[in-house]
Amino acid sequence: CNVGEFVRVEADPENPGVAVIRIDRPKALNALNGQVTQEIAEAAAAVSADPAVRAVVLYGGERAFVAGADIKEMADLTHARMLEYSRSLQNALTAVARIPKPVVAAISGYALGGGCELALCADFRVAGTKAKLGQPEIQLGVIPGAGGTQRLPRLVGPAKAKDLVFSGRHVRSDEARQIGLVDEVVADEEVYSAAVALVAKYVDGPAVALAAAKEAIDRGMETDLDTGLEIERLHFSGLFSTEDQEAGMRSFVEQGPGKATFN
Ligand code: CAA
């Protein structure tokens, strides 16, 4: 299904159940202008709502994942307009972070500023050897405004996040792997297929349990241990009303481990 001019939701023909959110604004290295941002939010809503989609790949093509928010569009905005602009960027990226299915960012080329922030909203990041990641906003006299000051330190710790945000430097994929900003580095031409392979293994899993696991981990990271355990307990017990729980446990009892098939 097509979302808009710059963002499409595509099926991967060789991997049923995997949907690709393809960002395609090559003239500006996929920079996030207002329209791209809106279309990303729509794409996130579409894959979230479609039960046939079991896993998602974010992909921007070979040259760039996303080179950031659109600097030319932002340059002359006032404080008041920027508050709205940042809110809509944050909302769109949060919609991606809340997709209740495994999501991987396939990063080829630049993932800078808002592009790095978009990648942070995936569950996993696969990058090509020549990929460059970073939060260069400081070099524009500003700071990350699409979640970078919050999601980056949660992933790599505050000191590494400050290194990247204070300096604005580009990080190569090998360093990104070392600090936990990416999970896998592969040859540039293999980024897409490696990313698909990483999430395709979940398409036959129990969808409701996978969504519960993601939500419990993500929400739990935002709160104290007691509240996190409460979130876990509610999700865990809630799963005892699903067919997948019944099938999974019956299969273990009758056939032993690892034989269950799910809806
Ligand atoms: N906004 C608008 N246009 C952009 C862009 C951006 N973030 N990044 C690239 N482009 C445009 C360039 O202006 C250029 O357009 P023209 O052909 O019309 O001149 C085109 O994309 C190709 O880019 P370059 O010619 O610059 O390509 P390059 O290979 O020489 O350099 C680059 C690539 C290093 C990524 C460089 O384009 C660059 O530094 N881009 C900006 C990166 C950046 O600062 N991102 C952060 C943006 S702010 C932000 O994201 C705030 C936030 O947190 C929400």
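One-based numbering, in listed order, for ligands and for the atoms of each.
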With the criterion set at N/O pairs under 3.5 Å, what does the list of contacts between the protein and ligand 1 look like, atom names and distances included?
from: ligand 1; atom 1: 1 (N); to: Ala69; atom 2: O; distance (Å): 3.4
from: ligand 1; atom 1: 1 (N); to: Ile71; atom 2: N; distance (Å): 2.9
from: ligand 1; atom 1: 7 (N); to: Ala67; atom 2: O; distance (Å): 3.1
from: ligand 1; atom 1: 7 (N); to: Ala69; atom 2: O; distance (Å): 2.9
from: ligand 1; atom 1: 13 (O); to: Lys72; atom 2: NZ; distance (Å): 2.8
from: ligand 1; atom 1: 15 (O); to: Lys72; atom 2: NZ; distance (Å): 3.3
from: ligand 1; atom 1: 18 (O); to: Lys72; atom 2: NZ; distance (Å): 3.4
from: ligand 1; atom 1: 21 (O); to: Lys27; atom 2: O; distance (Å): 3.4
from: ligand 1; atom 1: 27 (O); to: Arg63; atom 2: NH2; distance (Å): 3.4
from: ligand 1; atom 1: 29 (O); to: Arg63; atom 2: NH2; distance (Å): 2.9
from: ligand 1; atom 1: 45 (N); to: Ala67; atom 2: O; distance (Å): 3.0
from: ligand 1; atom 1: 50 (O); to: Ala69; atom 2: N; distance (Å): 2.8
from: ligand 1; atom 1: 50 (O); to: Gly114; atom 2: N; distance (Å): 2.8
from: ligand 1; atom 1: 53 (O); to: Glu117; atom 2: OE1; distance (Å): 2.7
from: ligand 1; atom 1: 53 (O); to: Glu137; atom 2: OE2; distance (Å): 2.7
from: ligand 1; atom 1: 53 (O); to: Gly145; atom 2: N; distance (Å): 2.9

> Taking only residues two or more places apart in sequence or in another chain, which ones pass salt bridge (charged side-chain N to carboxylate O under 4.0 Å, His left out) with Arg151?
Replying inline: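 Partners of Arg151 by the salt bridge (charged side-chain N to carboxylate O under 4.0 Å, His left out) criterion come out as none, since no residue qualifies.
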>> The criterion is salt bridge (charged side-chain N to carboxylate O under 4.0 Å, His left out); which residues satisfy it with Arg177, sequence neighbours excluded?
In response: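 Once residues adjacent in sequence are excluded, Arg177 has no partner under the salt bridge (charged side-chain N to carboxylate O under 4.0 Å, His left out) criterion.
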>> Applying the side-chain contact (heavy atoms from CB on, under 4.5 Å) criterion to Phe6, which one of Ile23, Val36, Thr37, Ile40 satisfies it?
In response: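 That would be Val36; it is the only one of Ile23, Val36, Thr37, Ile40 passing the side-chain contact (heavy atoms from CB on, under 4.5 Å) with Phe6.
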>> Main chain of Gly128, side chain of Ser173: is a donor-acceptor contact present, judged purely on distance under 3.5 Å?
In response: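 Flag set: sc Ser173 to bb Gly128 pair under 3.5 Å.
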> So, the side chain of Asn30 versus the backbone of Arg25: is there a donor-acceptor pair under 3.5 Å, distance only?
Replying inline: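 A pair under 3.5 Å: yes.
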> When Ile, Leu, Val, Met, Phe, Trp and Tyr are grouped by side-chain heavy atoms lying under 4.5 Å apart, directly or through other members, which residues fall in the same group as Phe124?
Replying inline: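 Hydrophobic cluster check, Phe124: joined to Val18, Val20, Val57, Tyr59, Val104, Val126, Val186, Val191, Tyr192, Val196, Leu198, Val199, Tyr202, Val203, Leu210.
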